[in-house]
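The structure appears right after this line, and notes come after that.
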Amino acid sequence: MFKLNESSETIQFKPAISINELNHFSVSYSIKGVTYSYEAKSSNNKSISSLIITTWNTQRYISFVYDYGKRGYKFEPHIAVIKTANDILSNFTKDEIENYSKLYEVFAKSVLNEKDIVHSSPIIQSLFFHNAILNTIRRSLKENKNCECTPHPGYLLDKTPFFCTEDYYINPQEYLKAIDKSNYVKSSLDKKAYAYLQQNRDKISISIDKVLTIYESKVEYLNRVEYTRTKINNLTSNKTINENNLAGIAESDCMKGTDLGCCGNYEGCCWYSSMFCLAHDIKCYCCSKWHCGPGCKKENGCPA
């Protein structure tokens, strides 16, 4: 079993940023016997990042390429996250990855809270891809199943950094308060989601995929993502999507992106349900999440 060597731990409360340039960023951070060394470079609309995790007797290396110059690039990173997680899955034990993924969030938060960090920069955004890779490995080993990562719909609309919905946690009480404060008239599915939140209101947090699947199954959602990716890039998908008509899945029988409460005004299906747009699902409602950053302001009613 992996255990921290408490007697030799070195806690570094501020990240050691060695390079902070527009197209080059490098930082290291040590906490509880684990050191994270992150470096990313950007050129020609492509970010190449690496994360080295070092303990007293082990070293793990993760690299990731983010091609943000490609058409429809928003609909592709989850594929690379899953592939990377699968490729390096055997390098970790269940206990190691549980510890590494938890401490990584402390590391990432420390970097994002530093002054002069441009959160929207691709080389900073890649921090979130490494977080997704670690968490995807963690879930795979914990649940003993193939790696999976459902892209958070907020990322597709530039409303959130990249997250797998399985790893994006919300506080049920905060969401119930936000919904109750609005005058939004709930649909039948909204009522089911609201009832689910009420059933889980005493929990500190729940993963958002549990709520979003009330509106649309993961299979249907990923079909739409894949259809959109191939349509934008004029590709022929090599994935087995299903027998259904993809155009029908993507462009009919759905709330439209032009509808009120859809967090934007765009063609095709609404990627985000209106109730959760009104409930600030795509924002840091109480600034409690590690990725909120120093500029976040709490909503009224949040704990001091």
Side-chain angles (χ1 to χ4, degrees), residues 101-102 104-106 108-110 112-113 119-120 125 127-128 131-132 135 139 149-218 220-221 254-266 269-304:
S101 60
K102 181 179 179 179
Y104 181 87
E105 293 192 1
V106 179
K109 180 178 181 179
S110 72
L112 294 171
N113 282 338
H119 286 223
S120 60
Q125 282 292 300
L127 282 166
F128 293 94
N131 175 65
N135 277 316
R139 284 185 282 102
C149 170
T150 308
H152 193 300
Y155 171 75
L156 305 180
L157 298 175
D158 288 323
K159 301 295 183 180
T160 65
F162 183 87
F163 277 95
C164 307
T165 59
E166 294 85 355
D167 306 316
Y168 192 94
Y169 289 88
I170 62 172
N171 182 300
Q173 289 194 30
E174 291 175 5
Y175 279 65
L176 287 168
K177 288 179 182 178
I179 295 166
D180 290 339
K181 284 168 60 177
S182 73
N183 295 318
Y184 178 66
V185 178
K186 304 179 188 68
S187 68
S188 59
L189 288 177
D190 290 336
K191 290 177 182 178
K192 288 183 179 180
Y194 187 84
Y196 179 81
L197 289 171
Q198 286 185 314
Q199 292 167 7
N200 292 275
R201 67 180 305 128
D202 293 332
K203 293 183 178 179
I204 297 175
S205 63
I206 57 175
S207 57
I208 200 172
D209 66 314
K210 303 278 196 314
V211 181
L212 293 180
T213 51
I214 294 173
Y215 290 85
E216 181 179 34
S217 72
K218 287 185 181 181
E220 292 172 326
Y221 173 70
C254 65
M255 183 178 181
K256 300 299 185 292
T258 52
D259 289 347
L260 291 174
C262 198
C263 303
N265 189 354
Y266 47 91
C269 282
C270 176
W271 287 104
Y272 237 144
S273 63
S274 56
M275 184 176 79
F276 285 92
C277 178
L278 292 171
H280 301 277
D281 184 37
I282 54 178
K283 296 180 181 178
C284 291
Y285 190 75
C286 285
C287 302
S288 58
K289 298 187 183 302
W290 63 270
H291 56 87
C292 295
C296 183
K297 295 182 180 179
K298 295 182 179 181
E299 297 286 341
N300 293 331
C302 286

Give the minimum heavy-atom separation between N135 and E105, together with the two atoms involved.
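Of all heavy-atom pairs spanning N135 and E105, the closest is ND2-OE2, 4.1 Å.
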Which pair of heavy atoms, one from Q125 and one from F162, lies closest together, and at what distance?
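For Q125 versus F162, the nearest heavy atoms are OE1-N, 4.3 Å.
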Examine the side chains of Y194 and D180 and answer whether a donor and an acceptor come within less than 3.5 Å of each other.
yes
Which donor-acceptor pairs under 3.5 Å do the side chains of residues 202-210 make with protein atoms, sequence neighbours left out?
from	atom 1	to	atom 2	distance (Å)
K203	NZ	N200	OD1	2.9
S207	OG	D209	OD1	2.5
S207	OG	K210	NZ	3.1
D209	OD2	K218	NZ	3.0

Side-chain donor/acceptor of Y221 to backbone N/O of P151, under 3.5 Å:
yes
Do F128 and F163 make the cut of ring centroids closer than 6.0 angstrom?
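F128 vs F163: aromatic centres under 6.0 Å.
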How many angstroms lie between [atom1] in [X] and [atom2] in [Y], if you round to the nearest 0.5 Å?
{"X": "L212", "Y": "T150", "atom1": "CG", "atom2": "OG1", "value": "9.5 Å"}
{"X": "H152", "Y": "E166", "atom1": "NE2", "atom2": "CD", "value": "11.0 Å"}
{"X": "K177", "Y": "R201", "atom1": "NZ", "atom2": "CZ", "value": "8.5 Å"}

Student check: side-chain heavy atoms of I170 and L197 closer than 4.5 Å:
yes
